[in-house]
Number of protein chains: 2
Amino acid sequence: MAAILDVAKLAGVSKSTVSHVLNNTRFVSSETQRKVKEAAEALHYQPSVVARSLKVKTTKSLGMIVTSTDNPFYAEIISAAQKYCHEIGYDLILCNTEKNPIKTKSYIQVLSQRQVDGILVLCTTYDDVTFSTIAGQKKLPMVVLDSGPTVKYIDKIQDHSYRGGLIATEHLINLGHTRIAHIGGPENKLPAKQRFDGYCQALRDASLPINRDLVIESDLECEGGAAAIKKLLSLREPPSAVFVANDVMAMAAISVASQMGLRIPEDLSIVGYDNISLSEYFNPPLTTVNQHISELAELAVKTLIKRILGSSETETVVMIEPNLVVRQSTCEFKA
Amino acid sequence: MAAILDVAKLAGVSKSTVSHVLNNTRFVSSETQRKVKEAAEALHYQPSVVARSLKVKTTKSLGMIVTSTDNPFYAEIISAAQKYCHEIGYDLILCNTEKNPIKTKSYIQVLSQRQVDGILVLCTTYDDVTFSTIAGQKKLPMVVLDSGPTVKYIDKIQDHSYRGGLIATEHLINLGHTRIAHIGGPENKLPAKQRFDGYCQALRDASLPINRDLVIESDLECEGGAAAIKKLLSLREPPSAVFVANDVMAMAAISVASQMGLRIPEDLSIVGYDNISLSEYFNPPLTTVNQHISELAELAVKTLIKRILGSSETETVVMIEPNLVVRQSTCEFKA
DNA sequence: ATTCCCTTTGTTATCGTTAACTTTCAAACC
DNA sequence: GGTTTGAAAGTTAACGATAACAAAGGGAAT
């Protein structure tokens with residue numbers, strides 16, 4: 001591949017002139033500019049970002065660490081983040097930890113060796129203090145999306161899950177339900193905890209009892225949702241509605257409830273959480289809490305970039321307000 | 001960040017010795033090894049892959065160009081590809097073209113400037129001859145997954161969509177259906193065309209007529225699937241079964257058919273294609289053609305690496321045999 | 001004691017950029 | 001006419017690794 005020196009020779013100028021015309025970084029006469037551009041064109045010259053990175057000590061690349069890239073919720077965040085990155089001239093290196101702390105550690109090392117300018121951390125289970133240590137030690141900007149406690153050196157963007165849990169449950173209450181179950185995520189994950197708290201608050205506000213038999217802590221995966229709904233439906237007095245902490249569990253729940261002969265929503269109302277794009281086309285279309293996935297992702301990238309560009313304000317945590325989108329998996333309670 | 005020279009100084013040896021012990025690339029006395037390792041440890045030394053890349057002219061990174069990263073089928077391929085890449089020490093730079101040729105071009109340029117060692121192209125609509133030209137010109141290894149005609153310089157991995165279309169349709173025929181519709185993908189995409197061909201062949205084999213009213217060319221997205229099923233169901237003589245060219249369209253089809261009062265599968269059997277992980281938990285669980293997504297992705301990466309490592313055999317196209325997984329969205333035809 | 005060889009480690013050019021520091025040259029000024 | 005000034009472009013030292021080449025030193029062979 002042609003290097004800058006080749007272009008310089010062909011154009012009959014020095015390397016630095018080529019660099020300057022291509023980067024518009026100092027005045028060059030239009031005649032020289034023309035020659036340089038023609039030479040670059042003729043040689044199909046592509047500047048080497050690796051050489052450039054070495055010199056300027058910045059790679060214009062970001063790492064993204066995710067527990068699972070094929071879960072639709074994560075996939076949509078990745079998609080939105082990547083899209084925004086490209087718009088502002090950054091590239092994204094994708095890392096999938098599969099909930100494995102060893103892999104997580106390995107990815108952090110890889111990204112650090114690749115000298116990414118910053119890291120986006122999405123809902124990983126790696127112990128957050130370690131992240132903080134690394135962020136502080138290496139001065140590697142990080143922002144956490146969705147999960148993880150507030151921690152030093154790391155900004156955080158998440159949806160306001162407490163509000164989400166609240167409005168989801170209120171919706172069910174307003175429909176006349178009183179036995180409302182909850183299938184939650186791992187309670188050591190903050191958003192899951194907050195959704196549960198919102199659920200509890202809504203019940204309390206309505207003077208409804210919080211029945212521990214009706215809340216199940218699960219894993220945010222289909223399998224967990226399926227297992228949880230089976231448990232709930234085998235109760236002596238099963239719920240008439242359930243608020244599920246994410247869409248894929250909600251879908252699985254609907255699927256197995258249907259298999260068991262229940263009609264959704266007539267016999268059982270279900271509200272999910274996330275508003276992944278498939279929820280609109282589920283059977284029935286899913287009533288769910290909209291997390292504003294792309295806004296979330298975009299804001300995370302923006303925040304990270306700001307940090308990379310040198311902002312040194314203390315860590316911020318931003319919460320995005322969710323809203324309920326009512327579709328057909330919920331309806332009025334009929335005794 | 002500490003550089004190799006810092007380590008060398010602290011250990012009291014030369015840069016090359018440090019490099020050699022860290023890379024195990026020539027004999028170093030164990031005493032010296034110890035000193036070097038200790039120094040590296042003490043300084044939290046992380047070698048710079050950008051400097052290394054500049055010197056060795058290889059980045060150990062791959063680009064992945066995809067039309068849409070949040071479609072579950074693509075998301076699962078990306079996930080599998082990324083996972084395998086990491087296992088063999090490569091990193092993945094993700095690029096999402098959103099079917100936009102301008103973006104595609106821009107990504108190719110970005111990846112080339114980043115000196116990725118190779119590119120994985122997934123089902124993009126960018127004109128394939130251009131890809132071929134670039135692959136040949138820049139000597140940038142590429143492999144195409146899923147879509148795109150066979151073209152010079154580029155290996156291709158895909159599932160055997162003709163067989164998939166055949167077995168899906170045979171399944172419906174064996175269940176006694178005779179009015180079998182097809183919702184296909186864009187016919188300029190080879191796998192879509194092949195699935196349709198398989199469908200036709202199965203009908204012919206069973207001496208069933210191929211009814212043009214019953215086949216609809218769509219876009220492989222939910223919206224398209226929804227529109228297509230509406231059209232089919234408004235026919236004077238609607239089908240009793242439909243073979244849909246991918247899972248998300250099949251899901252959308254089931255969803256709207258249900259909304260219109262049809263029971264799935266009693267009133268309408270539907271078979272999808274892909275076997276995305278959600279299909280198992282759809283309502284009802286989807287009968288679908290299993291594309292062996294992770295094998296596909298892994299084989300693509302393997303093929304690309306082989307090319308990168310210098311294999312110069314002529315372009316290969318590998319087809320992976322699909323299989324049918326029968327779940328609950330299909331059943332016997334009852335008049 | 002000189003030479004040779006082998007083991008172990010050091011020196012240095014290089015990869016392709018960027019940018020600080022020079023240089024060149026012509027017009028303008030006194 | 002010589003100095004100043006300023007515009008335009010050139011020289012070169014990094015950036016951080018790798019690896020080809022070189023060298024030092026000790027033991028064995030002559």
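First the proteins, then the strands, lettered A, B, ... as listed; each starts at 1.
The side-chain heavy atoms of B:T316 and B:D155, taken from C-beta on, include a pair separated by under 4.5 Å. Looking at B:I93 and B:V110, their side chains never come closer than 4.5 Å, going by heavy atoms from C-beta outward. B:Q291 has its side chain within reach of B:L296: a pair of non-hydrogen atoms, C-beta onward, lies under 4.5 Å apart.
At a threshold of 4.0 angstrom between heavy atoms, the contacts of A:Q46 are confined to the sugar-phosphate backbone, with no base atom among them.
As a whole-Å value, the separation of B:Q115 CD from C:dT17 C1' is 11 Å. We find that CG of A:L5 is positioned 11 Å from C1' of C:dT17, with the value rounded to whole Å. Atom CZ of B:R52 and atom C1' of C:dG16 are 17 Å apart (whole Å). Atom CG of A:D6 and atom P of C:dG16 are 8 Å apart (whole Å).
Atom CG in B:L140 sits 9.5 Å away from atom CD in B:Q115 (nearest 0.5 Å). Separating the CD atom in B:E298 from the NZ atom in B:K83 is a distance of 8.0 Å, to the nearest 0.5 Å.
No donor-acceptor distance shorter than 3.5 angstrom exists from the side chain of A:Q46 to the backbone of B:Q113, with no hydrogens or angles considered. Using modelled atom types, one side-chain atom of A:D6 and one backbone atom of A:A3 make a donor-acceptor pair closer than 3.5 Å. Side chain of B:S79 to backbone of B:A75: no donor-acceptor contact under 3.5 angstrom is found.
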Distances under 3.5 Å between protein N/O atoms and the N/O atoms of nucleotides 8-12 of chain C, please, pair by pair.
residue	atom	partner	partner atom	Å
C:dT9	OP1	B:S29	OG	2.9
C:dT9	OP1	B:T32	OG1	2.4
C:dT9	OP2	B:S29	N	2.8
C:dT9	O4	B:R26	NH1	3.3
C:dG10	OP2	B:S14	N	2.9
C:dG10	OP2	B:S14	OG	3.2
C:dG10	OP2	B:T17	OG1	2.7
C:dG10	N7	B:S16	OG	3.3
C:dG10	N7	B:R26	NH2	3.0
C:dG10	O6	B:R26	NH1	2.8
C:dG10	O6	B:R26	NH2	3.4
C:dT11	O4	B:S16	OG	3.2

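When DNA chain D is scanned 5' to 3' for any atom under 4.0 Å from a heavy atom of chain B, the first and last hits are D:dG16 to D:dC21.
The base of C:dT17 lies outside donor-acceptor range of the side chain of A:K55, with no N or O pair under 3.5 Å.
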